[in-house]
Amino acid sequence: MRVDYHCHTRLCKHAIGEVPQYVERAIERGIGELGFSDHMPMPAWYDPQSRMAEGEFDTYLGWVEGARRFAKGRVTIRLGLEGDYVPGTEDYVRGVIARAPFDYVIGSVHFIGDWGFDNKLNIAEWKKRDVGEVYAQYYGLIAAMARTRLFDIVGHIDVVKKFGHRPSASIDALLESTLRAVKESGMALDINTSGLRFPCREIYPSRRLLDLARAMDVPVTLGADAHRPDHVGEDFDKAAALLRDAGYSQILRYVSRRPEPVPLG
Ligand code: ZN
Ligand code: FE
Ligand code: FE
Ligand code: ZN
């Protein structure tokens, strides 16, 4: 089976299309479970232009419920959320997650301090930074996120490569210590095909990172990070081939935040 657990709606203000169109595309692409995981509300100071407003949270729940009715008997719909990890917002995030019966919650790092490093509007800042230092800070945040135990799935774990910035030296030690924290947290990795759409031209995570994860028995899910309907399930044959090649024959599905392995289709 294939799941697509990373899917946005236009409530986040940078995705387009209507929820039923996302569902239709999932059916066309043979997805077994489509999970919506739109960008969660956050405290007002944090990146309001890239997420649903707090007052739209119930609208989001209603849209996913509507998707469930629309999809009935054709594709299973899961209620997810893409959460943000920013030190200091843990209590707020915990409160939002407690407000609905989520099947799973993705945790992502999109900011280093006040720099939204994966937003093309902020790309100039990369020129002022040392790439190796950015990677160290980024993976430090991923490990800290894992230790919060707030989330089920690490979103696009190496999104720091999005615009093609690569450190000159090996970062295996950094990746291994990060993956140890992920493993201890019980989280899975989001095998996210959206990296293929960006200058890094590579699935998140890289083959190297996936090999290290496989060696530690870190589980995986699948997501296209759809921001419009035709993204749903995009490049999943490539993702499945990558997973198989790295030695994965199972992925996880989630029901009420409980993971369950299913054979990778
Ligand atoms: Zn987004
Ligand atoms: Fe993200
Ligand atoms: Fe996303
Ligand atoms: Zn994402």
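For reference, positions follow the sequence shown, starting with 1. Here the structure is a predicted model, which means the values were calculated and not measured. Indexing begins at 1, ligand by ligand and atom by atom, following the structure's order.
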* By atom name, which N, O or S atom of D225 is the nearest to the Fe ion (ligand 3)? ->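 Output for this pair reads OD1.
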* With the Zn ion (ligand 1) at the centre, find the angle made by NE2 from H14 and NE2 from H39, to 10°. =>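 With the Zn ion (ligand 1) as the vertex, NE2 (H14) and NE2 (H39) sit 100° apart.
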Hey, which N, O or S atom on [X] ends up closest to the Fe ion (ligand 2)?
X	answer
H110	NE2
E82	OE2
H156	NE2

* To do: Would you verify whether the NZ or CZ of R214 falls within 45 degrees of the ring axis of Y248 while also being under 6.0 Å from that six-membered ring's centre?
  =>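 Geometry flag: set, cation within 6.0 Å and 45°.
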* To do: Check whether any N, O or S atom of H39, backbone or side chain, sits closer than 2.8 Å to the Fe ion (ligand 3).
  =>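 Short answer: no, not a single N, O or S atom is under the cut-off.
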* Evaluate the criterion salt bridge (charged side-chain N to carboxylate O under 4.0 Å, His left out) for residue pair E125 and R129; output intermediate values, then yes/no. => CA-CA 7 Å; E125 179 68 20; R129 306 263 181 147; 2.7 Å; yes
* Under 6.0 Å between the ring centres of F151 and Y85? ->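 No; Y85 has its ring centre 6.0 Å or more from that of F151.
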* Asked: Strictly under 6.0 Å, is that where the ring centroids of Y46 and F111 end up?
  ->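 Yes - the distance between ring centres of Y46 and F111 falls below the 6.0 Å cut-off.
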* To do: Provide the closest heavy-atom pair for Y22 versus V232 in the form atom of the first, atom of the second, distance.
  =>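 In this case the closest contact between Y22 and V232 is CD2-CG2, 3.6 Å.
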* Taking K13 for the side chain and R51 for the main chain, is one N or O donor matched with an acceptor at less than 3.5 Å? ->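 It does hold such a pair.
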* Asked: Is there an N/O/S atom in C12 at a distance below 2.8 Å from the Zn ion (ligand 1)?
  ->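 Within the cut-off used here (under 2.8 Å), C12 places no N, O or S atom near the Zn ion (ligand 1).
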